[in-house]
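Report on the following structure.
Quick caveat, the model's predicted, so the values are computed rather than measured.
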Amino acid sequence: MTTRDRILNEALTLFADNGYDGTSVEEIAEKVGIKAPSLYNHFKGKEDILNALIDMAEARYEEFFGSDRHFGKLPENKEEFIQTSLQKISFTINDPMIRKMRKFLVREQFRNERFAEITTKHQLNGIQGMYTKIIEGMMSKGLFKKDDPELLAIEVTAPVALWIAKADRQPRCEQESTENIERHIRHFCDVYMLD
């Protein structure tokens, strides 16, 4: 791991635990094992570190989870829809960087409009937009009942976001949350998908 990568990793951990304002450049440098002036060889300052973290997390999320512009192949059947959804959710719950970023954003969303927008994107608008397109595409293939794809996207994603938030707040409930998410997605498919 390069010094730059170590700076980003330690900064994200500190931001997630202490908040952006509660973390100093000196603390980040100390955690990395370098002097604060050396940190400036890699970043202009704390805001530059934060911007790099947000860019990295956005790119990682786009690659492994997807978006309304990039969601991969449309599922061909109910089980493929379920498994694809569960893989996306597993990434969200288990990826250490995404988990720390979510913790940081949830903590900071009430203090910073930019963080509020990013949080809304990942917990509401972005995921619902992606699932609207997936459901719309599957509807046109005759796999879903004809209905409002936006409402169906909300119906499938909103409870998932709540269970992920519970797992974040109470890590001991992660298994329970994962089981409830799978039960919910299977039930959703039983109700809205055509056999």
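One distance of note links CG of L152 with CE of M138; it measures 11.5 Å at 0.5 Å rounding. Rounding to the nearest 0.5 Å gives a distance of 9.0 Å between OG1 of T92 and CG of N94.
Counting heavy atoms from C-beta on, the side chains of E150 and Q128 never come closer than 4.5 Å. You'll find the side chain of L39 stays beyond 4.5 Å of the side chain of V32, heavy atoms only. With contacts defined as side-chain heavy-atom distances shorter than 4.5 Å, the pair V106/F115 does not qualify. Proximity of D48 to H42: side-chain heavy atoms (C-beta onward) are nowhere separated by under 4.5 Å. Two residues are said to be in side-chain contact when any heavy atoms from C-beta on lie closer than 4.5 Å; L8 and L12 fail this criterion. Counting heavy atoms from C-beta on, the side chains of Y131 and I154 never come closer than 4.5 Å.
Using a 4.0 Å cut-off between charged side-chain N and carboxylate O, E62 and R69 make a salt bridge. Ion pairing of E76 with K141 is present here, as a side-chain N (NZ or NE/NH1/NH2) and a carboxylate O approach within less than 4.0 Å. Salt bridge E108/R111: present, at least one basic N to carboxylate O contact under 4.0 Å. Checked for salt-bridge contact, K103 and D17 meet the test: a charged N lies under 4.0 Å from a carboxylate O. Here K166 does not pair with E174 in a salt bridge; the nearest charged N to carboxylate O distance is not below 4.0 Å. The existence of a salt bridge linking K121 and E58 is confirmed by a sub-4.0 Å separation between a basic side-chain nitrogen and an acidic carboxylate oxygen.
Under 3.5 Å, the side chains of S67 and Y61 contain no donor-acceptor pair of N or O atoms. A donor atom on one side chain and an acceptor atom on the other are not found under 3.5 Å apart for S38 and N41. Between R107 and N18, the side chains place no donor N or O within less than 3.5 Å of an acceptor N or O (distance only, hydrogens not considered).
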Please report the C-alpha distance between R102 and H122 in whole Å, then the side-chain angles of each, then the deciding distance to 0.1 Å, and finally whether the side-chain contact (heavy atoms from CB on, under 4.5 Å) criterion is met. CA-CA 9 Å; R102 188 172 52 251; H122 289 290; over 6 Å; no
Determine, step by step, whether E80 and K73 satisfy the side-chain contact (heavy atoms from CB on, under 4.5 Å) criterion, reporting the C-alpha distance in whole Å, the side-chain angles of both residues, the deciding distance to 0.1 Å, and the verdict. CA-CA 10 Å; E80 206 173 300; K73 175 178 108 40; 2.6 Å; yes
Derivation of the side-chain contact (heavy atoms from CB on, under 4.5 Å) call for I54 and L50: CA-CA 6 Å; I54 290 171; L50 176 62; 4.0 Å; yes
Quick one: do T23 and K46 satisfy side-chain hydrogen bond (donor to acceptor under 3.5 Å, both in side chains)? Show the steps, please. CA-CA 9 Å; T23 302; K46 191 166 74 165; over 6 Å; no
Would you be so kind as to tabulate the donor-acceptor pairs closer than 3.5 Å made by side chains of residues 183-191, with sequence neighbours excluded?
unit_1	atom_1	unit_2	atom_2	d
R183	NH1	N180	OD1	2.9
H184	NE2	E155	O	3.3
H184	NE2	V156	O	3.1
R186	NE	E182	OE2	3.0
R186	NH1	E79	OE1	3.0
R186	NH2	E79	OE2	3.1
R186	NH2	E182	OE2	3.2
D190	OD1	K78	NZ	3.1

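Cluster membership for V160 and L162, using ILVMFWY side-chain heavy atoms within less than 4.5 angstrom, is not shared.
In this structure, Y192 has its ring center no closer than 6.0 Å to that of F144.
Judged by distance alone, the side chain of S177 and the main-chain N or O of C173 form a donor-acceptor pair under 3.5 Å.
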